[in-house]
Amino acid sequence: QPPFYAYMIDLLVEEKGDGILKKYLPALLKEYTYWMDGSDELSDGRPAVKHTVLMPGGEIMNRYWDEENTPRPEGYAIDVRIQKAAKNNPELFRNIRAACESGWDFSSRWFADGTNIETICTTEIVPVDLNCLLWHLETTIANAFAVNGEHQKQEAFEHKALHRKNAIEKYCWCATDNIYKDYNHTLKQPTNSIHLAMAYPLFAGIADNTKARNVLQFIENNMLASGGLITTTTVTRQQWDSPKGWAPLQWIVYASAVDYGNNSLANAIRENWCGTVEKEFAASGKLLEKYNVATDNNKEAGGEYANQDGFGWTNGVYLAMKYR
């Protein structure tokens, strides 16, 4: 799953103070070691090892990855069926597994042709959201070392965070569209997919005011539907595509809009999303894992599996938007 652990520690810091960082520093370092494992093996001849990628300019960024290139035990029949329909995708099973690690399983975001899962190429993609989360992890570790009085280690992680921030701006900012995108490290260019992960540099506080304004305007013009925010601008039957909407992404864009002063967009997201949740609850007595935000048919909000009843992130985001 994406490395949100450091953000969870932030919540404890709010409640208990900076001293809590000392307690959780070993766990933060353990997670960081997991994501950076293999980085010492990177070279021009081997530019991608496990979760790490050597970028064209020598920077190190991260991708989603899996050790196994075999069908998932929980989705064996589905994966085999996809493989039979695929052409020239020898890493298909690994790419499926890596997409599951991203949490966005599945989305046109990971498809080479932008439409078909048979072309999935997750491990070729340097995701903007993953690298923003790891920037925050590096920053949190630096803060933890500061609390410990270990200033040399603090400076080392501040240096890592600065290099990653610069790399995110260099490789993930698309000046043509004025939004953040994923980067295909094999093709050495931004991907074509347009999705709400573009807001992660804002959520992390990396983006400057001009870029944030452009991103939020793009989202308002192209991704704000009557029921909330669509996940991508591509309509498919995959659950992390339009017309589906997911609570965590509603929150990330909402919080970003608040932080960068776009209150009109923040209010529109809150009203549209909370209205969707309330309408479904009035009709069925349930809160759902995800919603169809473009029409009223939440039975069509499925994907590989049927829409699930009840989900903590829906409850939490609704409460935070409604009552904070």
Side-chain angles (χ1 to χ4, degrees), residues 1-42 48-55 59-67 97-98 100-104 122-123 125-169 171-172 180 182 197 199-207 247-249 251-252 255-256 259 312-313 316-317 320:
Q1 293 296 309
F4 276 100
Y5 182 67
Y7 275 105
M8 297 167 69
I9 301 303
D10 282 352
L11 298 177
L12 288 176
V13 169
E14 289 180 15
E15 181 182 343
K16 300 183 178 182
D18 287 342
I20 204 72
L21 290 170
K22 183 175 182 179
K23 176 180 179 181
Y24 290 102
L25 177 56
L28 291 164
L29 288 169
K30 184 175 182 180
E31 178 160 60
Y32 189 69
T33 298
Y34 167 81
W35 286 100
M36 300 308 295
D37 183 31
S39 60
D40 57 346
E41 301 174 38
L42 292 169
V49 179
K50 298 183 179 179
H51 291 94
T52 63
V53 178
L54 183 65
M55 304 299 285
E59 308 90 345
I60 297 177
M61 298 184 77
N62 289 79
R63 63 177 178 173
Y64 289 110
W65 169 259
D66 195 274
E67 292 289 340
R97 286 168 171 263
C100 292
E101 183 181 47
S102 79
W104 289 50
T122 315
T123 59
I125 294 171
V126 173
V128 60
D129 46 357
L130 172 61
N131 282 279
C132 287
L133 291 172
L134 289 171
W135 172 85
H136 180 261
L137 176 55
E138 290 165 338
T139 302
T140 304
I141 291 172
N143 292 339
F145 277 128
V147 171
N148 265 2
E150 298 180 79
H151 298 299
Q152 190 172 0
K153 292 180 179 179
Q154 171 195 351
E155 291 176 4
F157 271 88
E158 287 175 345
H159 188 70
K160 292 175 187 291
L162 178 60
H163 275 273
R164 189 182 297 272
K165 177 181 178 181
N166 291 339
I168 291 169
E169 296 291 355
Y171 296 104
C172 296
Y180 290 96
D182 298 328
Y200 271 74
L202 285 65
F203 185 70
I206 292 173
L249 294 174
W251 178 259
I252 284 165
S256 299
D259 288 344
W313 57 32
V317 168

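Values in this document were obtained by computation on a predicted structure and should not be read as measured data.
No side-chain heavy atom of Ser102 sits less than 4.5 Å from a side-chain heavy atom of Leu130. For the pair Cys100 and Tyr64, the minimum side-chain heavy-atom distance is 4.5 Å or more. Between Met36 and Lys50 there is no side-chain heavy-atom pair separated by less than 4.5 Å. With a 4.5 Å cut-off on side-chain heavy atoms, Glu67 and Trp65 count as touching. Side-chain contact check for Leu137 versus Glu31: some heavy-atom pair is nearer than 4.5 Å. When side chains are defined from C-beta on, Asn62 does not count as touching Val126, because their heavy atoms never get closer than 4.5 Å. Here the side chains of Lys160 and Ile141 are not in contact, with every heavy-atom distance at 4.5 Å or above. Side-chain contact between Leu21 and Val13: present, with at least one pair of heavy atoms (C-beta onward) separated by less than 4.5 Å.
With rounding to the nearest 0.5 angstrom, the CD atom of Glu138 is 3.5 Å from the OH atom of Tyr32. Between atom OH of residue Tyr180 and atom OH of residue Tyr171 there is a gap of 15.5 Å, rounded to the nearest 0.5 Å. Separating the CG atom in Leu249 from the CH2 atom in Trp104 is a distance of 5.0 Å, to the nearest 0.5 Å. From Glu150, atom CD reaches atom CZ of Phe145 across 5.5 Å, with rounding to the nearest 0.5 Å. With values rounded to the nearest 0.5 angstrom, Ile9 atom CD1 is found 5.5 Å from Tyr24 atom OH. To the nearest 0.5 angstrom, Phe203 atom CZ is 8.0 Å from Asp259 atom CG.
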For His163 and His159: C-alpha separation, side-chain torsions, deciding distance, then whether side-chain contact (heavy atoms from CB on, under 4.5 Å) applies.
CA-CA 6 Å; His163 275 273; His159 188 70; 2.9 Å; yes

Please determine whether side-chain contact (heavy atoms from CB on, under 4.5 Å) holds for the pair Ile206 and Glu169, giving the CA-CA distance in whole Å, both sets of side-chain angles, and the decisive distance to 0.1 Å.
CA-CA 9 Å; Ile206 292 173; Glu169 296 291 355; 3.5 Å; yes

For a side-chain contact (heavy atoms from CB on, under 4.5 Å) check, start with the C-alpha distance between Arg164 and Leu134, then their side-chain angles and the critical distance, and finish with the verdict.
CA-CA 8 Å; Arg164 189 182 297 272; Leu134 289 171; 3.7 Å; yes

side-chain contact (heavy atoms from CB on, under 4.5 Å) between Met61 and Ile168: does it pass, once the steps are laid out?
CA-CA 8 Å; Met61 298 184 77; Ile168 291 169; 4.0 Å; yes

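Contact record, Ser39 with Ile60: CB-CD1, 4.2 Å, taken as the closest heavy-atom pair. The two atoms that bring Pro201 and Val128 nearest to each other are CG-CG2, 3.8 Å, heavy atoms only. Residues Leu202 and Ala207 approach most closely at CD1-CB, 3.8 Å, considering heavy atoms. Here the closest non-hydrogen pair linking Arg63 and Ile125 is CB-O, 3.4 Å. Closest of all the heavy-atom pairs between Ile252 and Ser256 is O-OG, 2.6 Å. For the residue pair Ala247 and Val317, the shortest heavy atom distance occurs at O-CG2, 3.6 Å.
A side-chain contact (heavy atoms from CB on, under 4.5 Å) with His136 is found for one member of Phe4, Tyr200, Tyr7 and no other, namely Tyr7.
Ring centers of Tyr34 and Tyr5: at least 6.0 Å apart, outside the cut-off.
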